[in-house]
Amino acid sequence: MIGPWIALVGLAFAGGRAHPMHTAVSEVMQQDPRGGVTVQIRVFTDDFQAAVPPASDPAAADSSMARYLRGTFALADRAGRPVRLAWGGAERTGDVILIRLRGEVPGGLAGARVTSLVLCERFSDQVNIVRAEYGGRTTTLLFTRGETAKALP
């Protein structure tokens, strides 16, 4: 049932100023067999700036975005220990902000828990999609307001 959501999100990010829904799409990728993980989060600029107002100083902007994400996006290893996600930068492309994080998940992503509640406190219709690639598999998780962490298979 996730397929239609991805198609709708694709249309939402396809361009234009108005978007039909509030969404964030995250890609969590483990390419390092030792557990190195990269995260890319795509959000609409106007939605994200409602939660994190733009700053004129790039360092202050990065700090504000990183602080916000620490409270709304998280990974925990299969034993439930939080994974420290280091800031990897952000860039604006058209109507979208692409945010990069990186971390180490000892033992890899299988069994790890993900939380993606980015902007759920701002928009009642917020839908967040997390696509995880690890160990030769791809998994998609869907998050809405009020949900908790979900385990990757």
Side-chain angles (χ1 to χ4, degrees), residues 1-15 19-48 50-52 62-153:
M1 191 67 178
I2 300 246
W5 281 104
I6 291 175
L8 184 56
V9 170
L11 287 173
F13 281 111
H19 47 273
M21 64 187 301
H22 296 98
T23 190
V25 177
S26 303
E27 295 177 273
V28 180
M29 295 165 277
Q30 177 192 342
Q31 297 173 328
D32 177 355
R34 294 170 296 173
V37 172
T38 59
V39 177
Q40 292 187 23
I41 303 170
R42 287 179 184 80
V43 294
F44 285 107
T45 302
D46 58 340
D47 292 349
F48 197 69
V52 183
D62 283 356
S63 178
S64 296
M65 287 187 276
R67 188 172 37 257
Y68 173 79
L69 288 172
R70 275 194 297 275
T72 59
F73 187 92
L75 283 174
D77 67 15
R78 69 181 72 162
R81 293 180 296 260
V83 172
R84 183 181 173 277
L85 294 172
W87 183 252
E91 67 182 76
R92 183 174 175 173
T93 304
D95 296 341
V96 175
I97 296 175
L98 175 63
I99 300 164
R100 293 180 189 83
L101 307 169
R102 62 187 176 284
E104 296 288 327
V105 183
L109 287 173
R113 298 187 64 77
V114 180
T115 303
S116 180
L117 299 177
V118 175
L119 299 174
C120 284
E121 81 287 354
R122 302 291 285 181
F123 305 108
S124 62
D125 65 342
Q126 182 75 25
V127 175
N128 293 339
I129 296 171
V130 176
R131 182 175 176 269
E133 291 184 27
Y134 58 98
R137 72 180 342 166
T138 301
T139 298
T140 304
L141 302 174
L142 183 69
F143 291 86
T144 58
R145 181 183 272 194
E147 292 195 285
T148 59
K150 296 181 181 183
L152 293 168

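Just the heavy atoms: all of them, side chains too, but no hydrogens, waters or symmetry mates, feed the values below.
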Rounded at 0.5 Å granularity, tell me how far [atom1] in [X] sits from [atom2] in [Y].
| X | Y | atom1 | atom2 | value |
| --- | --- | --- | --- | --- |
| Met65 | Ile99 | CE | CD1 | 6.0 Å |
| Glu147 | Asn128 | CD | CG | 9.5 Å |
| Asp62 | Trp87 | CG | CH2 | 5.0 Å |
| Arg102 | Arg84 | CZ | CZ | 8.5 Å |
| Arg113 | Arg81 | CZ | CZ | 14.5 Å |
| Ile41 | Ile129 | CD1 | CD1 | 13.5 Å |

query: Hey, are the side chains of Asp46 and Asp95 touching, using non-hydrogen atoms and a 4.5 Å cut-off?
result: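 The answer is no; the side chains never approach within 4.5 Å.
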field: Arg100 vs Glu91 side-chain heavy atoms within contact, under 4.5 Å
entry: yes
query: After noting the C-alpha distance and the side-chain angles of Gln40 and Thr38, does the key distance pass the side-chain contact (heavy atoms from CB on, under 4.5 Å) rule?
result: CA-CA 7 Å; Gln40 292 187 23; Thr38 59; 5.6 Å; no
side-chain contact (heavy atoms from CB on, under 4.5 Å) evaluation trace for Leu98 with Thr93: CA-CA 7 Å; Leu98 175 63; Thr93 304; 5.6 Å; no
- request: In sequence, state the C-alpha distance, the side-chain angles, and the governing distance for Val114 and Lys150, and then conclude on side-chain contact (heavy atoms from CB on, under 4.5 Å).
  value: CA-CA 5 Å; Val114 180; Lys150 296 181 181 183; 5.7 Å; no
Is there a donor-acceptor pair closer than 3.5 Å between any side-chain N or O of [X] and the backbone N or O of [Y]?
| X | Y | result |
| --- | --- | --- |
| Ser116 | Phe73 | no |
| Arg92 | Thr45 | no |
| Arg78 | Ala110 | yes |
| Arg145 | Cys120 | yes |

message: Assess whether a salt bridge exists between Glu27 and Arg42, defined as any Lys/Arg side-chain N lying under 4.0 Å from an Asp/Glu carboxylate O.
response: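 Answer for the salt bridge query: yes.
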- request: Using the six-membered ring wherever Trp is involved, compare the ring planes of Tyr68 and Phe48 and label them parallel, tilted or perpendicular (cut-offs 30° and 60°).
  value: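 Geometry flag for Phe48 against Tyr68: perpendicular rings.
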- request: Just do the side-chain contact (heavy atoms from CB on, under 4.5 Å) check on Val118 and Leu69 with the steps written out, would you?
  value: CA-CA 7 Å; Val118 175; Leu69 288 172; 3.9 Å; yes
Nearest heavy-atom pair of [X] and [Y]: which atoms, and what distance?
| X | Y | answer |
| --- | --- | --- |
| Leu109 | Met29 | CD1-C, 4.5 Å |
| Ala149 | Thr115 | CB-OG1, 3.2 Å |
| Ala90 | Ile97 | CB-CG2, 4.3 Å |
| Thr23 | Val127 | OG1-O, 2.6 Å |
| Ala132 | Leu152 | CB-CD2, 3.8 Å |

